[in-house]
Engineer: 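Got a structure for you, questions after.
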Amino acid sequence: MSGRTEAPPVTLRDVTGADVAVFLVQQADPEAARMAAFPIRDRATHFAHWEKILADPTLGKQAIVVGERVAGNVVSFPLGGHRLVGYWLGREFWGQGIATRALAAYLALEPARPLHARVAKANVASCRVLEKGGFRVVGEDCAPGSPGETPVDEWIFRYDDPPAKSRP
Ligand SMILES: CC(C)(COP(=O)(O)OP(=O)(O)OC[C@H]1O[C@@H](n2cnc3c(N)ncnc32)[C@H](O)[C@@H]1OP(=O)(O)O)[C@@H](O)C(=O)NCCC(=O)NCCS
């Protein structure tokens, strides 16, 4: 026996109503909200938000599953003339390469190109996930943030499919 720990398999599947309760807890983690520079939603706002997402076939949404557990979600949505991608993991799943693998899997499911992402500059982990996924920085912005909060300096990332390899 080698003793090496295998990375757990990461799969994506359609989001179910039951997953939304898991996402509620994951988005309410103050450390996650601080990283993402996102306001925590209360229960009613969170369920109303996901009800809209689940009802709209133009919005991309997948649950990230690790083993039997729902580790988080990946979403895509239109904003400001771009199609944006976003993801969120429960804290116990951080630091295991799960977001990197989930994003790679999502790029195979989401056909829109280019895809963009907007990330708080301070969110080094998320910037790294995007870089490893083949996204590159194409701009920056200062988002107003939540009412009463400091504006958020963001990188704007863009993903295009790599050019097809030419035949030798
Ligand atoms: C950001 C987030 C998705 C990263 O998920 P993850 O599964 O831990 O990321 P990975 O394990 O795939 O790591 C990707 C890279 O980021 C690095 N990284 C992970 N956590 C880090 C941290 N806290 N600080 C710096 N780098 C970090 C990893 O080392 C890895 O880079 P490497 O391969 O060069 O070593 C996760 O922390 C999260 O859900 N945070 C809260 C919500 C959020 O910020 N969503 C994104 C909004 S834009």
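Each ligand, and each atom within it, is numbered from 1 in the order the structure gives.
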Engineer: Looking at Asp161 and Arg113, does any basic side-chain N land under 4.0 Å from a carboxylate oxygen?
Structural biologist: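 A salt bridge is present here (some side-chain N lies under 4.0 Å from a carboxylate O).
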
Engineer: Whether Arg13 and Asp19 form a salt bridge (side-chain N of Lys/Arg under 4.0 Å from carboxylate O of Asp/Glu) is what I want to check.
Structural biologist: yes

Engineer: Please give the N or O to N or O pairs under 3.5 Å between ligand 1 and the protein, distances rounded to 0.1 Å.
Structural biologist:
residue	atom	partner	partner atom	Å
ligand 1	7 (O)	Ala99	N	2.9
ligand 1	8 (O)	Gly95	N	2.7
ligand 1	11 (O)	Gln96	N	3.4
ligand 1	11 (O)	Gly97	N	2.7
ligand 1	12 (O)	Thr100	N	3.1
ligand 1	12 (O)	Thr100	OG1	2.5
ligand 1	33 (O)	Lys132	NZ	2.5
ligand 1	34 (O)	Arg128	NE	2.8
ligand 1	34 (O)	Arg128	NH2	2.9
ligand 1	39 (O)	Leu89	N	2.8
ligand 1	44 (O)	Asn123	ND2	2.8
ligand 1	45 (N)	Tyr87	O	2.9

Engineer: Any luck finding a side-chain donor-acceptor pair between Gln62 and Asn73 under 3.5 Å?
Structural biologist: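 Short answer, no.
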
Engineer: Is the shortest side-chain N to carboxylate O distance from Glu92 to Arg69 below 4.0 Å?
Structural biologist: yes

Engineer: Under 3.5 Å, is there a donor-acceptor pair between the side chain of Tyr87 and the main chain of Ser126?
Structural biologist: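 Yes: the side chain of Tyr87 pairs with the backbone of Ser126.
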
Engineer: If you measure from the Lys or Arg side-chain nitrogens to the Asp or Glu carboxylate oxygens, is any gap between Asp153 and Lys121 under 4.0 Å?
Structural biologist: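 No, this pair does not count.
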
